[in-house]
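Source: prediction; values computed, not measured.
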Amino acid sequence: MVDTDSGWDGRGGRGSRGTRDTGGTWGMRGARAPDALPDRRVAAPDRGVAAPDSRVAAPDLRAALPGRRVAAVSLVALAALATGCEPGTATGAPEASPPVRPTQAAASSPTRTAPVTEDAKPRTAPPPSPSASTSPPAPAPATARPAPEPSTAPPPRVLMRTGSESDRVRELQARLRQIGHFGRNPTGYYGSVTADAVRSFQAKRSLPVTGSTDEVTWQRLLAMTRVPKAAELRPPTERPLAAPDERCLKGRVLCISKNSRTLAWMIDGKVVSAMDVRFGSEYTPTREGVFEVFWKSRDHVSTLYDTPMPYALFFSGGQAVHYSADFAANGYGGASHGCVNVRDKKKVAALFDQVRTGDKVVVYW
């Protein structure tokens with residue numbers, strides 16, 4: 001038996017909007033709530049009354065199925081109106097699947113391209129660091145330079161060397177003295193002192209240090225100095241003459257001073273010529289006093305020491321005034337065996353010609 005309080009007639013008809021249904025509920029757009037479905041409950045038969053005919057059929061449920069579908073569609077429409085964020089669907093239309101968000105679509109379908117958002121922008125590579133962009137490239141490894149080939153040019157021609165004796169050697173010495181490389185008066189003889197002076201000049205001018213005067217050395221020296229004067233080429237002595245001893249003021253006298261290491265050839269108190277001299281060592285000293293020339297020997301050679309004694313003027317035993325090549329070469333670094341050495345060969349040669357046997361010789365301090 002159908003419960004007549006349900007208000008539903010089984011035909012799916014809509015009720016009036018805003019009217020109260022017989023079941024005591026308010027409908028929306030004439031639809032009934034799900035709890036308004038027909039009550040299937042059948043009153044239990046009274047045990048004291050005879051059972052009804054079992055042939056009486058229950059209400060036809062198939063007729064009520066369309067009504068259920070209508071009720072379900074109405075419920076969906078009610079939910080849509082309550083949310084207010086999705087468009088409504090027509091009555092009886094199948095339910096539409098919810099829209100897929102872009103991120104869900106991108107995640108579910110790898111072949112789709114997601115819309116570009118701020119997070120999805122491709123990240124650009126950071127700019128290179130200043131040190132990486134501005135640092136210079138690493139230098140290429142240095143390559144070994146080939147060794148220079150030996151020069152095939154001939155060496156410059158040598159003009160003067162040790163043992164040379166000439167006016168050019170005298171000029172060389174005078175020019176070297178102008179620029180402080182030769183500390184003595186020119187003698188015209190190329191000895192060890194002159195060779196050392198040339199080496200000093202060559203080293204300071206970055207020339208090959210040989211001690212010999214070649215064309216390059218000579219031309220460089222000429223460019224740095226002036227032409228020497230006569231007094232520079234042939235000064236009377238390296239040192240100032242000493243005041244003559246009283247015994248030298250009369251007659252023809254070889255006045256020899258150990259103090260100034262000079263010899264003055266004087267006639268009647270007047271100096272005719274002067275020259276540098278050196279004396280014997282402390283073991284073979286030159287004797288002092290007044291003597292006279294007793295023998296002259298132009299090309300003499302010592303029989304005791306087997307050494308040359310050119311232009312010798314003997315005044316006391318084996319002691320004589322003569323030219324010394326060693327004195328010309330080494331200066332005052334050496335000493336004689338008692339003789340009076342002269343280093344200017346031309347001067348002593350001229351003296352040899354002027355002095356006579358018997359002329360006075362005075363040796364003093």
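No donor-acceptor pair closer than 3.5 Å links the side chain of Glu171 to the backbone N or O of Pro228. Side-chain atoms of Asn341 never come within 3.5 Å of backbone atoms of Phe327 as a donor-acceptor pair (strictly under, hydrogens ignored). Formation of a donor-acceptor pair under 3.5 Å by the Gln202 side chain with backbone atoms of Ser212 is found in this model. Using a distance-only test at 3.5 Å, with no hydrogens or angles considered, a donor-acceptor pair links the side chain of Ser164 to the main chain of Arg161. Between the side chain of Asn185 and the backbone N or O of Thr237, at least one donor-acceptor pair lies under 3.5 Å. The closest donor-acceptor contact from the side chain of Arg252 to the backbone of Ile267 lies at 3.5 Å or more, if one exists at all. In terms of modelled atom types and a separation under 3.5 Å, the side chain of Tyr332 and the main chain of Val277 share a donor-acceptor contact. Remark: side-chain polar atoms of Glu292 are not paired, donor with acceptor, to backbone N or O of Thr357 under 3.5 angstrom.
Under a 4.0 Å N-O distance rule, the pair Glu232/Arg177 does not qualify as a salt bridge. Salt-bridge formation is not detected for the pair Asp276/Lys347: no Lys NZ or Arg NE/NH1/NH2 atom is positioned less than 4.0 Å from an Asp or Glu carboxylate oxygen. Between Arg157 and Glu215 a salt bridge is recorded (basic side-chain N to carboxylate O distance below 4.0 Å). Note on Asp245 versus Arg247: salt bridge recorded, some NZ/NE/NH1/NH2 to OD/OE distance being below 4.0 Å. Salt bridge present: Asp353 and Arg298 bring a charged side-chain N and a carboxylate O closer than 4.0 Å. In summary, Asp167 and Lys346 engage in a salt bridge, as defined by a charged side-chain N under 4.0 Å from a carboxylate O.
Using modelled atom types and a 3.5 Å distance limit, the side chains of His337 and Thr284 yield no donor-acceptor pair. With no hydrogens or angles considered, a side-chain donor-acceptor pair links Arg175 and Thr225 at under 3.5 Å. Side-chain polar atoms of Thr213 and Tyr190 form a donor-acceptor pair below 3.5 angstrom. Side chains of Thr262 and Ser260: a donor on one and an acceptor on the other come within 3.5 Å. No side-chain donor-acceptor contact under 3.5 Å links Thr286 and Gln319.
Across all non-hydrogen atoms, the minimal contact from Phe294 to Gly317 is CZ-O, 3.3 Å. The two residues Ala243 and Tyr364 have their closest heavy-atom pair at O-OH, 3.3 Å. When all heavy atoms of Pro156 and Val216 are compared, the pair lying nearest together is CB-CG2, 3.9 Å. What you find for Tyr189 and Gln173 is that their closest heavy atoms are O-NE2, 2.8 Å.
Linking ILVMFWY side-chain heavy atoms closer than 4.5 Å, directly or via other members, places Val169 and Leu159 in a single hydrophobic cluster. Each of Leu233 and Val198 belongs to its own hydrophobic cluster when Ile, Leu, Val, Met, Phe, Trp and Tyr are linked at side-chain heavy-atom distances under 4.5 angstrom. Cluster annotation: Met160 and Val209 are assigned to distinct hydrophobic clusters (Ile/Leu/Val/Met/Phe/Trp/Tyr, side-chain heavy-atom contacts under 4.5 Å, transitive). Note on Trp265 and Tyr311: same hydrophobic cluster, where clusters join Ile, Leu, Val, Met, Phe, Trp and Tyr whose side-chain heavy atoms are under 4.5 Å apart, directly or indirectly. Under the 4.5 Å side-chain heavy-atom criterion for ILVMFWY residues, no single connected hydrophobic cluster contains both Leu351 and Val271.
At a threshold of 4.5 Å between non-hydrogen side-chain atoms, the residues Leu249 and Pro244 count as touching. In this structure the side chain of Glu288 never reaches within 4.5 angstrom of the side chain of Phe279, judged on heavy atoms. Considering only heavy atoms from C-beta on, Asp306 comes within 4.5 Å of Val301 through its side chain.
Here the straight-line distance linking atom CD of Gln178 with atom CG of Leu221 works out to 8.5 Å at 0.5 Å rounding. Separation of atoms OG1 (Thr210) and CZ (Arg199) is listed at 7.5 Å; rounding is to 0.5 Å. Distance check, rounded to the nearest 0.5 Å: OH of Tyr323 to SG of Cys339 gives 15.0 Å. One finds the CG atom of Leu176 at 13.0 Å from the CZ atom of Arg184 (value rounded to the nearest 0.5 Å). The distance from atom CE of Met309 to atom OG1 of Thr303, rounded to the nearest 0.5 Å, is 9.0 Å. Atom CZ of Arg220 and atom CG of Asp214 lie 11.0 Å apart (nearest 0.5 Å).
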*salt bridge (Lys or Arg N to Asp or Glu O under 4.0 Å) between Asp344 and Arg170: does it pass, once the steps are laid out?*
CA-CA 10 Å; Asp344 192 322; Arg170 187 180 294 275; 3.6 Å; yes
*asked:* side chain to side chain contact (heavy atoms under 4.5 Å, CB included) for Leu263 and Leu254? Distances and angles first, verdict last.
replied: CA-CA 7 Å; Leu263 182 154; Leu254 292 172; 4.1 Å; yes
*Does the side chain to side chain contact (heavy atoms under 4.5 Å, CB included) test come out yes or no for Val340 and Phe315, once each step is laid out?*
CA-CA 10 Å; Val340 178; Phe315 62 89; 4.1 Å; yes
*Could you check Lys360 against Phe291 for side chain to side chain contact (heavy atoms under 4.5 Å, CB included), going step by step and ending with a plain yes or no?*
CA-CA 6 Å; Lys360 189 189 300 186; Phe291 312 93; over 6 Å; no
_Met275 vs Ser273, side chain to side chain contact (heavy atoms under 4.5 Å, CB included): CA-CA, chis, key distance, verdict_ = CA-CA 7 Å; Met275 56 204 73; Ser273 63; 3.9 Å; yes
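Aromatic pair His322/Phe352: centroids not less than 6.0 angstrom apart. Under the 6.0 Å cut-off for aromatic ring centres, Phe182 and Phe201 do not qualify, their centroids lying 6.0 Å or more apart.
Taking a 6.0 Å sphere around CZ of Arg356, one finds it holds 12 or fewer heavy atoms contributed by other residues, nucleotides or ligands.
Of the residues Val362, Val363, Val361, Val253, the one that meets the side chain to side chain contact (heavy atoms under 4.5 Å, CB included) test with Val290 is Val362.
Classification of the Phe314-Trp295 ring pair by plane angle, with boundaries at 30° and 60°, yields parallel.
Counting only residues at least two apart or in different chains, salt bridge (Lys or Arg N to Asp or Glu O under 4.0 Å) contacts with residues 315-334 comprise Arg278-Asp326.
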